[in-house]
S.K.: 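Sharing a structure here in structure tokens format.
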Amino acid sequence: MTARPTVVVTRRLPEPVERELARDFDARLNHDDRPLGPEGLREALTTADALLCTVTDRLGADVLSAEPRRARLLANFGVGFNHIDVEAAKARGLAVSNTPDVLTDATADLAMTLLLAVTRRAGEGERHLRSGAWTGWRPTHMLGTQVSGKTLGLVGMGRIARAVARRAHHGFGMRTIFHDPFPPAPDAAAALGAEPRDRLEQVLEEADFVSLHCPATPETRHLMNAERLALLKPGAFLINTARGDVVDEAALVAALRGGRLAGAGLDVYEREPQVSPELLAMENVVLLPHLGSATQETRVAMGMRALENLRLFFQGAPLRDQVV
Ligand code: 8YV
């Protein structure tokens with residue numbers, strides 16, 4: 001019998017996933033769930049056949065240069081892979097896979113959660129009630145902004161944005177507009193009631209709420225900068241379930257302070273797990289700790305999808321979700 005491939009699993013995973021990993025691989029599980037750090041990752045690359053890694057592992061060219069390298073695959077747990085220098089991986093003949101599709105609905109649900117929570121002041125209301133400050137119902141108490149029937153602007157129109165458009169249009173009777181340099185087929189967008197705009201700026205100027213759904217790349221870094229934030233309608237809200245790097249967090253703080261931007265619902269940050277202290281002090285922002293895909297069902301499905309890529313790779317078959 002040939003030896004089972006060794007897989008370093010960089011974080012704790014849901015139990016059913018770890019069970020299958022231990023069954024099919026010589027799996028080095030991370031029972032105490034401490035991030036490996038650069039040295040631990042370099043060691044993993046030189047002593048294992050593959051890494052099952054995730055967003056908290058910074059796999060830049062420096063770490064990927066570990067020699068003599070044994071690993072041949074980075075099976076990422078997550079759809080986003082901006083924490084991996086994929087060009088450096090490719091140059092070294094290191095394959096990379098991710099886990100698309102299975103987290104689309106959970107992430108779209110969370111974008112709607114943030115939209116509703118921030119516009120209807122749910123976080124603020126909860127804090128108010130729990131603090132004992134609530135004196136009872138009154139017609140002018142904590143009035144928010146209506147979501148139903150308004151215009152939602154989507155930045156990017158990939159899988160997650162389309163799932164958000166479906167919810168917004170069919171569930172909340174919203175008009176949705178979007179910009180994507182690689183738009184979906186016109187009939188696919190039309191089925192979701194979504195109208196394309198040629199320029200991002202048109203989306204920002206027209207929408208009541210803007211939700212970000214583009215990947216983090218050098219091109220999208222600080223896409224939402226001070227100039228673009230200034231294009232948003234007075235009273236608009238910004239939702240980010242994509243990546244923190246897409247927003248200039250300091251410019252966001254300034255836009256919120258200026259009062260033109262009515263609020264923001266954020267799941268991701270520029271320097272996770274750090275959050276700008278100014279945001280922490282604002283009532284009109286809803287801040288979640290990167291929970292987009294955090295349902296039991298989805299995290300198990302993500303693990304199973306990473307497992308599928310690992311199995312295919314070591315069978316010598318093409319990866320299902322090849323990044324490079
Ligand atoms: C993950 C995500 O929880 O998949 C992604 O890109 O942002 C989240 O679903 C996390 O990033 C794991 O890598």
Side-chain angles (χ1 to χ4, degrees), residues 7-18 21 29-30 33-37 40-41 44 50-60 63 73-86 89 96-114 155-164 211-217 220-221 223 239-247 249 265-275 287-310 319-324:
V7 179
V8 166
V9 183
T10 64
R11 301 303 301 261
R12 277 215 79 165
L13 295 179
E15 197 273 329
V17 181
E18 291 198 340
L21 276 163
L29 303 177
N30 186 347
D33 203 18
R34 262 191 232 115
L36 299 186
L41 291 169
L51 270 63
L52 199 164
C53 54
T54 188
V55 69
T56 50
D57 305 312
R58 301 207 70 80
L59 289 153
V63 168
L73 172 68
L74 302 175
N76 186 53
F77 179 92
V79 67
F81 47 81
N82 59 312
H83 53 288
I84 303 174
D85 186 333
V86 290
V96 181
S97 63
N98 67 346
T99 61
D101 309 319
V102 290
L103 47 69
T104 300
D105 282 329
T107 310
D109 289 350
L110 200 86
M112 294 307 291
T113 303
L114 283 171
V155 177
M157 200 53 172
R159 285 173 292 253
I160 297 171
R162 294 200 293 270
V164 172
S211 189
L212 305 177
H213 299 287
C214 55
T217 63
T220 63
R221 188 180 143 71
L223 187 74
I239 308 299
N240 190 6
T241 54
R243 280 292 180 268
D245 313 44
V246 177
V247 178
E249 213 167 280
L266 308 175
D267 189 42
V268 286
Y269 307 88
E270 255 195 282
R271 287 167 291 275
E272 293 181 17
Q274 289 169 47
V275 177
L287 306 170
L288 295 180
H290 201 146
L291 294 180
S293 63
T295 68
Q296 176 69 19
E297 297 88 335
T298 295
R299 290 283 164 85
V300 170
M302 289 163 70
M304 296 304 175
R305 188 79 169 233
L307 259 160
E308 187 182 345
N309 282 297
L310 281 163
L319 290 168
R320 175 160 180 193
D321 307 302
Q322 178 162 16
V323 174
V324 288

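Start at 1 and go down the list; that is how both ligands and their atoms are numbered.
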S.K.: Does V79 reach ligand 1 with a nitrogen or oxygen that is under 3.5 Å from one of the ligand's nitrogen or oxygen atoms?
M.R.: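 Indeed, backbone or side chain, V79 has an N or O that close.
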S.K.: According to salt bridge (charged side-chain N to carboxylate O under 4.0 Å, His left out), who are the partners of E18, at least two apart in sequence or on a separate chain?
M.R.: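 With sequence neighbours excluded, E18 shows a salt bridge (charged side-chain N to carboxylate O under 4.0 Å, His left out) to R12, given in chain and number order.
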S.K.: Taking the side chain as every heavy atom from C-beta outward, state whether S97 and V323 have any atom pair closer than 4.5 Å.
M.R.: no
S.K.: Taking the side chain as everything from C-beta on, heavy atoms only, tell me whether D101 gets closer than 4.5 Å to R159.
M.R.: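 Contact flag for D101/R159 side chains = yes.
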S.K.: Considering only heavy atoms, which of R11, R299, H290 lies nearest to atom 2 (C) of ligand 1?
M.R.: H290
S.K.: At under 4.0 Å between heavy atoms, is it the side chain or the backbone of L103 that contacts ligand 1, or both, or neither?
M.R.: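 Side chain only.
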S.K.: So which heavy atom in the protein is nearest atom 10 (C) of ligand 1, and how far is it from that ligand atom?
M.R.: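 Checked against all protein heavy atoms, atom 10 (C) of ligand 1 sits closest to V55 CG1, 3.7 Å.
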S.K.: So, 4.0 Å and heavy atoms of H83: is ligand 1 close enough to count as a contact?
M.R.: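 Contact check H83 vs ligand 1: negative.
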S.K.: Atoms of ligand 1 less than 4.0 Å from R243 heavy atoms?
M.R.: 2 (C), 5 (C), 6 (O), 7 (O), 11 (O)
S.K.: More than 12 foreign heavy atoms under 6.0 Å from CZ of R11: is that the case here?
M.R.: yes
S.K.: Look at atom 8 (C) of ligand 1 and say which protein heavy atom is nearest, naming residue and atom and giving the distance to 0.1 Å.
M.R.: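 Heavy-atom neighbour on the protein nearest atom 8 (C) of ligand 1: S293 OG, 3.4 Å.
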S.K.: Using salt bridge (charged side-chain N to carboxylate O under 4.0 Å, His left out) as the criterion, list what pairs up with D321, not counting sequence neighbours.
M.R.: R305
S.K.: Which of the numbered atoms in ligand 1 are below 4.0 angstrom from a heavy atom of G80?
M.R.: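 Close to G80: 4 (O), 5 (C), 6 (O).
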S.K.: Under a 3.5 Å distance rule, please check whether E272 uses its side chain to pair with a backbone N or O of Y269 as donor and acceptor.
M.R.: yes
S.K.: Does F77 reach ligand 1 with a nitrogen or oxygen that is under 3.5 Å from one of the ligand's nitrogen or oxygen atoms?
M.R.: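 Yes, there is a polar N/O contact under 3.5 Å.
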S.K.: Tell me if the CD atom of E15 is crowded by more than 12 foreign heavy atoms within 6.0 Å.
M.R.: yes
S.K.: Would T54 count as being in polar contact with ligand 1, using the rule that some N or O on each side must be under 3.5 angstrom apart?
M.R.: yes
